[in-house]
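Report on the following structure.
Side-chain atoms are counted along with the backbone in the values below, which use heavy atoms only and exclude waters and symmetry mates. Residues: numbered from 1 along the sequence shown.
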Amino acid sequence: MMKASDVVGLIPAAGLGSRLSPLPCSKELFPVGFAPHPEHGEPHPKAVSQYLLEHMQRAGAGQVYVILRKGKWDIPDYFGDGSQLGLQLAYLIMQKPYGSPFSLDQAYTFVRGQRVVFGFPDILFEPEDAFEQLLQRQEQTGADVVLGCFKVPHPHKWDMVEVGEGGEVKNILHKPAVSNLTYGWAIASWGPRFTEFMHQHLQQVEEQFHTSGKELSVGEVVQAAILKGLRVQGVYFDTGNCLDVGTPEDLLKAIHTLS
C-alpha cells in the first residue's frame, strides 16, 4: 500500500481559453468567489484554480505539477512555490499541443511510480473530500484508475460514463451529441500502471494527431486503457456537483453561486 507522501497532483494549464477569450489573464486565474487574505484575513478574490489546488492539498498531495503553455507566466507569478497553500508547486512547459494527455505526459519522469490526483483547473466540484474518496476506492479495489463522476445536465459537454456492477466503468463516451447516460466524469486518481499505459499509448498515436491537427482527451486515453484490460472504477457523487467554468454562461453561474 502506498503512503500519502506518494500522492502527487497533476494539472493541465496549457489551454488557450478560447471559449472565454479575450481575457486579461490566464483563465486559470480568473477570480471566482472570495477567500480570506493570508495576511489580514479580509475577503479577497479567489482564482478559480485555487479550488482545485486546495482539494489536492486536502487529499495529501504535497507536490503538484502544473503544465503550462509558453506565455502563461502569470500563473507561476501568482501562485509562486505554492507555500501559501501548503503545497510545493512545480511548473513544466507543454511541448506537444495535441491535447491534455500530451501535456500531462510532460510530468511522466516526475510522477511515474506514484499515485496521481488529477483535475481540470476550470472545473469546480464538491464534496470537499472528493479526492480522498477516490484514493480510498483505489486502495479498496486495486483499480488502476478511479473516476469522480457527477450527474450532468448536458452530456455533449462531458465525457459520459457507462456504469457496470460494483462501480466498474465499462465505457467512456467522449462528448456524445445525444446520450441517455447520466454521469460525466470530472476528476480522477490513478496509479503507476495507468501512467505507464498513457506514456506508451501517446507514443503510439502521436503521429496521427500531429498530422490531423485534432486533440486527444484524457477520457479517450482512459477508454483505451479499459479496452486493454486496465481496471477503472467510478465514485458517483449523487449529492455532489461540478461546474465547468470554461464557458461564459457557466462562469456566470459560478460567480453568482460563490459570491
Arg58 vs Glu132 side-chain heavy atoms within contact, under 4.5 Å: yes

Value rounded to 0.5 Å, distance of CD in Gln95 from CG in Asp105: 11.5 Å

Can you list, pair by pair, the side-chain donor-acceptor contacts under 3.5 Å of residues 149-156, counting residues two or more places apart and other chains?
none

Thr211 side-chain N/O to Gln208 backbone N/O, donor-acceptor pair under 3.5 Å: yes

More than 12 heavy atoms from other groups under 6.0 Å of CD on Glu196: yes

Pairwise distance CD(Gln63) to CD(Gln57) - rounded to 0.5 angstrom: 13.0 Å

Joint hydrophobic cluster, Leu89 plus Tyr78, side-chain heavy atoms closer than 4.5 Å: yes

Nearest heavy-atom neighbours spanning Ile123 and Ala186: CG2-CB, 4.2 Å

Side-chain donor/acceptor of Ser26 to backbone N/O of Leu29, under 3.5 Å: no

Any donor-acceptor N/O pair, Gln233 side chain to Gly166 backbone, under 3.5 Å: yes

Phe194/Val222 under side-chain contact (heavy atoms from CB on, under 4.5 Å): CA gap, chis, key distance, verdict: CA-CA 8 Å; Phe194 179 73; Val222 178; 3.9 Å; yes

Polar side-chain atom of Lys96 near backbone of Ser103 as donor-acceptor pair, under 3.5 Å: no

Salt bridge Asp6-Arg115, side-chain N to carboxylate O under 4.0 Å: no

Common cluster, Tyr108/Leu202, ILVMFWY with side-chain heavy-atom separation under 4.5 Å: no

Leu181 and Leu173: CA distance, side-chain angles, deciding distance, side-chain contact (heavy atoms from CB on, under 4.5 Å) verdict: CA-CA 9 Å; Leu181 296 176; Leu173 278 67; 4.2 Å; yes

Neighbour count above 12 (heavy atom, 6.0 Å) for Lys170 NZ: no

Partners meeting side-chain hydrogen bond (donor to acceptor under 3.5 Å, both in side chains) with Asp77 (sequence neighbours left out): none

Under 3.5 Å: donor-acceptor pair, side chain of Tyr51, backbone of Val32: yes

Reported OG-to-CD distance for the pair Ser189 and Gln138, which is rounded to 0.5 angstrom: 4.0 Å

Stepwise side-chain contact (heavy atoms from CB on, under 4.5 Å) test for Trp190 and Met198: CA-CA 11 Å; Trp190 63 71; Met198 180 163 62; 4.1 Å; yes

Over all atoms of both residues, closest heavy-atom pair of Phe237 and Gly148: CE1-CA, 3.9 Å

Close side-chain approach of Val146 to Arg137, heavy-atom, < 4.5 Å: yes

Gln106 side-chain N/O to Ile93 backbone N/O, donor-acceptor pair under 3.5 Å: yes

Parallel, tilted or perpendicular, as decided by the 30° and 60° cut-offs, for the rings of His210 and Tyr98: perpendicular

Ring-ring centroid check Phe125 Phe131, cutoff 6.0 Å: yes

Nearest-0.5 Å distance, CZ of residue Phe110 to CG of residue Leu92: 5.5 Å

CG on Leu85 to CE on Met56, rounded to 0.5 Å: 12.5 Å

Distance in Å, Leu104 CG paired with Tyr65 OH, rounded so as to fall on 0.5 Å steps: 13.5 Å

Within-4.5 Å side-chain heavy-atom neighbours: Phe30 and Ser49: no

For Pro45 against Phe34, the heavy-atom pair lying closest together: N-CD2, 3.7 Å

Lys/Arg-Asp/Glu bridge criterion (N-O < 4.0 Å) met for Arg193, Asp144: yes

Beyond-backbone contact of Val66 with Leu68, side-chain heavy atoms, under 4.5 angstrom: yes

Pair Lys72 + Glu28, salt bridge at N-O below 4.0 Å: yes

Heavy-atom side-chain proximity of Ile11 to Leu53 below 4.5 angstrom: yes

side-chain contact (heavy atoms from CB on, under 4.5 Å) partner of Leu147, chosen from Trp185, Tyr183, Phe118: Trp185

Criterion salt bridge (charged side-chain N to carboxylate O under 4.0 Å, His left out) on Lys46 and Glu54, from CA distance to verdict: CA-CA 12 Å; Lys46 184 172 181 176; Glu54 290 173 349; 2.8 Å; yes

Verdict with reasoning, Val117 to Leu134, per side-chain contact (heavy atoms from CB on, under 4.5 Å): CA-CA 9 Å; Val117 288; Leu134 301 194; over 6 Å; no

Least distance between heavy atoms, Ser100 atom then Val218 atom: CB-CG2, 3.9 Å

Under 3.5 Å: donor-acceptor pair, side chain of Gln114, backbone of Val8: no

Nearest atoms (heavy-atom pairs only) where Phe197 meets Val221: CE2-O, 3.7 Å

pair Trp158-Cys242: side-chain heavy atoms closer than 4.5 Å: yes

Closest non-hydrogen atom pair between Leu87 and Ala61, with its separation: CD2-O, 3.0 Å

Check ion pair Glu220-Lys175 (N to O, under 4.0 angstrom): no

Asp81 side chain to Gln88 side chain, donor-acceptor N/O pair below 3.5 angstrom: no

